[in-house]
Amino acid sequence: MSAAPIAPPDPAVIAAARLLSDGQAKPLGALGGLEELGAWLAGCQGTCPPRQLGDVRVVVFAGDHGIAASGVSAYPAAITPAMVYGIAGGVAGISVLGAVNRVAVRIYDIAVDADFADLDPEVTRFKIRRGSGAIDVEDALSRVEVEAALAAGDRIAAEQIQDGAQLLIAGDLGIGNTTISAALIAATYRLPAAAVTGRGTGIDDAALAHKTDVIEAALARAGERVADPVERLAALGSADIAAAVGFMLGAAGRGVPVLLDGLIAVAEAVVAASIDPGVVGWLRAGHRSTEPGQSVALARLGLVPLVDLGMRLGEGTGAVVAVPVLRSAVAALTDIAQLSDLT
């Protein structure tokens, strides 16, 4: 990650794109949010009109979380390694939706509590540890591990961009990650756990009450350390989430936009913005999840979801289904004629 503050997308190019859109053969503002998206992408790319998004990539950051043993999920932690194989094998939800939307998918095991000797070694190249600590009773990570995870995410972003990525998506995988994410959002905005805690994988009322109590205990344990975003990740985060934070900062710092998925990605964006507020200019929200914490955080970040289909799978799936909206925005700004040319 760059030591310099992240600069915003080019405002002069954004202004030129808005002028171009206003002159097209359509009523002024008739394409609504598509016009803003087209101008934003032009500013991100530094060219008007923007280039079509032919190279979009989702990187899934996988990890286990000690808090899963506390009964905060409807599924056991054994699901995490099973889904690593599913994504690596191209048969998971993100694999299917990525393929149909022309989005490349890669998975990295950052902190899964398993070994994957039978998978491509690339999958485990950035592994930090096996699992993260149970945040209600202990820190998730050491500060050194947080810094290593942030650096890993930055490196992954750099490699994807060097290879041609025009738009990046951070996917997530790991039982217990909605608990971690809700805790990070609550800590960042100094909110009570009840304001941001949702049902995650589909827990019942009793489990939801327990999950809320667990997050409150974690917040109380972390105390004022959460004012420092790196300490916040150490106390309440996980290695996979810290890596995705580094990934978003690394992408924005190199001038490549990021499309956010659900609760986990938005929690990562919230922490990234605590480290460098300039990252927000490079973000857009792909979809609205069913998790209350995501809506709270999006409002604080000033981001409006592109689609709302009631999705809650994670893995990057909600962002991937929004990619055609961005491609439509580019096509509209690029190919609609100027009204002056038709009259």
Side-chain angles (χ1 to χ4, degrees), residues 58-98 105-141 145 149 152 170-184 197-204 206-208 210-211 213-215 218 236-244 261-265 267-268 289-291 311-318:
V58 55
V59 176
V60 180
F61 294 87
D64 277 309
H65 313 95
I67 201 66
S70 298
V72 294
S73 173
Y75 293 89
I79 292 295
T80 305
M83 288 307 304
V84 169
Y85 283 107
I87 294 174
V91 295
I94 188 60
S95 312
V96 172
L97 294 177
V105 178
R106 178 176 294 281
I107 183 164
Y108 283 106
D109 164 21
I110 306 297
V112 180
D113 191 15
D115 295 319
F116 298 102
D118 51 345
L119 290 180
D120 184 340
E122 179 69 11
V123 172
T124 56
R125 177 157 66 102
F126 295 100
K127 190 165 185 127
I128 302 297
R129 56 181 284 170
R130 289 181 58 140
S132 297
I135 62 170
D136 58 334
V137 296
E138 62 184 335
D139 279 2
L141 308 166
E145 288 170 330
D172 59 87
L173 174 64
I175 299 300
N177 60 9
T178 64
T179 301
I180 301 301
S181 298
L184 289 170
T197 305
R199 296 184 185 274
T201 50
I203 56 177
D204 62 19
L208 177 62
H210 171 65
K211 181 178 179 179
D213 290 344
V214 165
I215 293 172
L236 301 173
S238 63
D240 48 306
I241 285 175
D261 190 44
L263 174 70
I264 289 82
E268 292 156 356
S289 83
T290 60
E291 287 290 304
M311 296 175 65
R312 57 182 177 87
L313 175 60
E315 302 175 9
T317 52

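Excluded from the calculations below are hydrogen atoms, water molecules and symmetry mates; all remaining heavy atoms, backbone and side chain alike, are included.
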### Message
Quick check: do K127 and Y108 have side-chain heavy atoms less than 4.5 Å from each other?
### Response
no
### Summary
Scanning both residues in full, the closest heavy-atom pair of K211 with R199 reads NZ-C, 4.2 Å
### Side-chain heavy atoms of V84 within contact of L119, under 4.5 Å
yes
### Message
With rounding to the nearest 0.5 angstrom, report the OG1 to CG distance, T178 to D172.
### Response
9.5 Å
### Query
Stepwise, does the side-chain contact (heavy atoms from CB on, under 4.5 Å) test hold for R129 with L141?
CA-CA 9 Å; R129 56 181 284 170; L141 308 166; 3.6 Å; yes
### Task
Not counting sequence neighbours, which residues clear salt bridge (charged side-chain N to carboxylate O under 4.0 Å, His left out) with D115? List them please.
R130
### Query
What distance separates I135 CD1 from H65 NE2, expressed to the nearest 0.5 Å?
9.5 Å
### Task
Taking all non-hydrogen atoms of both residues into account, name the closest pair between A111 and A239 and its distance.
CB-CB, 3.7 Å
### Query
So do the side chains of I241 and S181 get within less than 4.5 Å of each other, counting heavy atoms only?
yes
### Message
Quick check: closest heavy atoms across A265 and A170, and the distance to 0.1 Å?
### Response
CB-O, 4.0 Å
### Task
Report the distance from atom OG of S70 to atom CG of D213, rounding to the nearest 0.5 Å.
11.5 Å
### Message
Can you confirm whether F126 sits close enough to I128 that some side-chain heavy atom of one is under 4.5 Å from a side-chain heavy atom of the other?
### Response
no
### Query
How many angstroms lie between atom CD1 of I107 and atom CD of E315, to the nearest 0.5 angstrom?
8.0 Å
#### Entry: Check: I67 and D136 side chains under 4.5 Å, non-hydrogen atoms
yes
### Task
Give a yes or no on whether the backbone of S132 and the side-chain of S238 come within a donor-acceptor separation of less than 3.5 Å.
no
### Task
Identify the heavy atoms of A149 and A242 that sit nearest to each other, and give their distance.
CB-CB, 3.7 Å
### Message
How long is the straight-line distance from CD1 of I110 back to CZ of R125, given to the nearest 0.5 Å?
### Response
10.0 Å
### Gap between atom OG1 of T124 and atom CZ of F116 - 0.5 Å precision
9.0 Å
### Query
Hey, mind stepping through D113 and T80 against side-chain contact (heavy atoms from CB on, under 4.5 Å) and telling me if it holds?
CA-CA 9 Å; D113 191 15; T80 305; over 6 Å; no
### Query
Taking all atoms of both residues into account, what is the closest heavy-atom pair of V58 and G171, and its distance?
CG2-N, 3.9 Å
#### Entry: Y75 atom OH: more than 12 heavy-atom contacts under 6.0 Å
no
### Summary
Taken in chain and number order and not counting sequence neighbours, the residues that satisfy side-chain contact (heavy atoms from CB on, under 4.5 Å) with R312 are T290
List, one per line, each side-chain donor-acceptor pair under 3.5 Å for residues 85-97, sequence neighbours excluded.
from : atom 1 : to   : atom 2 : distance (Å)
Y85  : OH     : D118 : OD1    : 2.8
Y85  : OH     : D118 : OD2    : 3.3
S95  : OG     : A92  : N      : 3.4

### Query
Do D64 side-chain atoms and G131 backbone N/O form a donor-acceptor pair below 3.5 Å?
no
### Message
So which atom in A77 and which in P81 form the shortest heavy-atom distance, rounded to 0.1 Å?
### Response
O-CD, 3.4 Å
